[in-house]
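Each chain gets a letter, A, B and so on, in the order its sequence line appears, and its residues count up from 1.
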2 protein chains.
Amino acid sequence: MVKSDKERNKGMDKVSKFHEIFLEIESAILNQTYKSGELLPSENELTKQYNVSRETIRKALTLLLENGYIQKKQGKGSIVLDVKRFNFPISGLTSYKELQDSQNIGSQTILIENKITLIPKHIAEFLKVSETTKVHTVIRARKLNDEVVILDKDYLLTSVIEEIPDEEAENSLYYYIEHKLGLKIGYARKEFTVEPVTEEDRRLMSLHGDHHIVVTRSDVHLEDTRLFQYTESRHRLDKFRFVDFARRRGPQTY
Amino acid sequence: MVKSDKERNKGMDKVSKFHEIFLEIESAILNQTYKSGELLPSENELTKQYNVSRETIRKALTLLLENGYIQKKQGKGSIVLDVKRFNFPISGLTSYKELQDSQNIGSQTILIENKITLIPKHIAEFLKVSETTKVHTVIRARKLNDEVVILDKDYLLTSVIEEIPDEEAENSLYYYIEHKLGLKIGYARKEFTVEPVTEEDRRLMSLHGDHHIVVTRSDVHLEDTRLFQYTESRHRLDKFRFVDFARRRGPQTY
DNA sequence: TAGTGGTCTAGACCACTTG
DNA sequence: AAGTGGTCTAGACCACTAA
């Protein structure tokens, strides 16, 4: 018996037509079925190919646009951009483990600490939560070629996430949260700065006499806007790289 | 005589209904007319208020969502996020001058160089353009409290931009390009790294014995996808800060 | 169950590009 | 003039939330 779409996609994440079409065209661009510099089929053409309405095609194209795959031009068409040169999207919300997997970098995670504590005072202030809030404090060192180049310090609210097994912390927190707990991650605010190294950095990381370190801080929220995580990720200067695709939001008003 | 919308908006940038509605609601959020944590009126309600169709309201809300103003929740409504804490959008494509204006920081720009040259070899390779390409080389130092903390090196293709008066370079290149030349900036790819300081950095900037510097490189394209600018912006470590709003694109496929 | 947002449609008109 | 993308509509059905 043939399963209906709904049955087949039970528990899946996105089953909308426009998202499916987005994924198909994305693959075709990564495949080079559609080559950089060329035009995609017109919206009317895609409407016929996929047998959907034009607005549905347009939603799919909007996703491609936002993710830097195409540029649209009125009267002309949708031009495929050169996506090969920046084929790993470090931008957006992506965890360390996901990055490693997508880039196949030989690396290793060492779990240094995983315990429940009161939230550190300065973090409570930053997040504007009570100082009596309890959090899982998870500290992990990321090794590359036997050197610790990244130190991740995560604080996860126990009110949202009850338990964190060591095995999960050694693998991927986001995988655990999304796939095992079934929570949906929504958005985050990130801040990048460069700061003097701390005594802890010197103790836990393989710093070659560096005096500074790149620090990224973020507060991560679920889709229902509940705050659940504060992250501080400390990167050795020579191993830090951040790539972003940015679209002009229209001329600013001066 | 009353002017029609089209006449009134001659040469303006966006006159679509959904964009107007976006701007109005954005102001209302910044005004605190809609307060953080509260719900916006429902889509049906907004449909009546603005006398437009629901899809038009939804386009406006999508803009608010992407810019971090709201979070939508099916069955619930659109929740206004706390936007005050991060009220300057460093993310996206924003020029130095625009940032200064929006933050009212007392600062000064010194034009060090503005001349037409052949494109430097390493940049030609990076951009995959011919080494015989001619560019405006614009080098500017950004002073803050009498210290040079940022060094901007811009290379603009003469094939797209014929002339750059010194006065414009001292003000804002983006303002000149968009408002005086009428070109439309589309998108850019940015890369952030930390690198050892060069002899030029030492000569032109007020470095206090720092050994490293934050470097952001980007290639900027027009809306019609033409490449027109390569930028290298060098920031003193203690003056660098980058803030980003990121939305999870849905669980990654492991 | 009523109200919310999420998706989708079929059609319309407009602005822009190219021949 | 023909084809492209940009905007907008009115209506439909679905999935989720809260009472």
Taken to the nearest whole Å, CG/B/Asn44 to C1'/D/dC16 is 15 Å
Side-chain atoms of A/Ser16 come closest, of D/dC8, C/dC8, C/dT17, to C/dC8
Ranking D/dC8, C/dT7, C/dG6 by distance to the side chain of A/Lys59, first place goes to C/dT7
Atom CD of A/Glu55 and atom P of C/dT7 are separated, to the nearest Å, by 13 Å
Does one side chain, of B/Thr132 or B/Ser130, offer a donor that lies under 3.5 Å from an acceptor on the other?
yes
*Would B/Arg140 and B/Asp154 pass as an ion pair if we require N to O under 4.0 Å?*
yes
Ranking A/Lys76 and A/Ser53 by the position along DNA chain C of their nearest nucleotide, the one closer to 5' is A/Ser53
So, is A/Lys17 close to the C/dT9 phosphate, meaning a side-chain N or O under 4.0 Å from OP1 or OP2? yes
Quiz item: Just by distance, with hydrogens left out, do A/Gln229 and A/Asp219 show a side-chain donor and acceptor under 3.5 Å apart?
Solution: no
Taken to the nearest whole Å, CD1/A/Ile57 to P/C/dA10 is 13 Å
Closest to the side chain of A/Thr56, out of D/dT7, D/dT9, C/dC8, is C/dC8
Rounded to whole Å, the CG-C1' distance (B/Leu46 to C/dG3) equals 14 Å
Result for 5'-nearest mapping on DNA chain C, choosing between A/Val52 and B/Gly77, is B/Gly77
When rounded to whole Å, the OH to C1' distance for the pair A/Tyr50 and C/dT9 reads 19 Å
Here the distance between atom P of D/dT17 and atom CZ of A/Arg226, to the nearest Å, is 11 Å
The nucleotide from D/dT9, D/dG6, D/dT17 with an atom nearest the side chain of A/Arg54 is D/dG6
In numerical order, the residues of residues 68-75 of chain B whose heavy atoms come under 4.0 Å of DNA chain C are B/Lys72, B/Lys73, B/Gln74, B/Gly75
Whole-Å distance, A/Phe18 CZ to D/dC14 P, equals 18 Å
From the candidates D/dG6, D/dC8, C/dT9, the one with an atom nearest any side-chain atom of A/Glu43 is D/dG6
Taking only Lys NZ, Arg NE, NH1 and NH2, and the carboxylate oxygens of Asp or Glu, determine whether A/Arg58 and A/Glu43 approach each other closer than 4.0 Å.
yes
With no hydrogens and no angle check, do the side chains of A/Thr137 and A/Thr117 hold a donor and an acceptor under 3.5 Å apart? yes
From the candidates C/dA10, D/dG11, D/dG5, the one with an atom nearest any side-chain atom of A/Arg58 is D/dG5
Rounded to whole Å, the CG-P distance (A/Leu40 to D/dT4) equals 13 Å
Regarding B/Glu168 and B/Lys180, does a basic nitrogen lie under 4.0 Å from an acidic carboxylate oxygen? yes
Do A/Gln71 and B/Tyr187 get their side chains close enough for a donor-acceptor pair, meaning under 3.5 Å? no
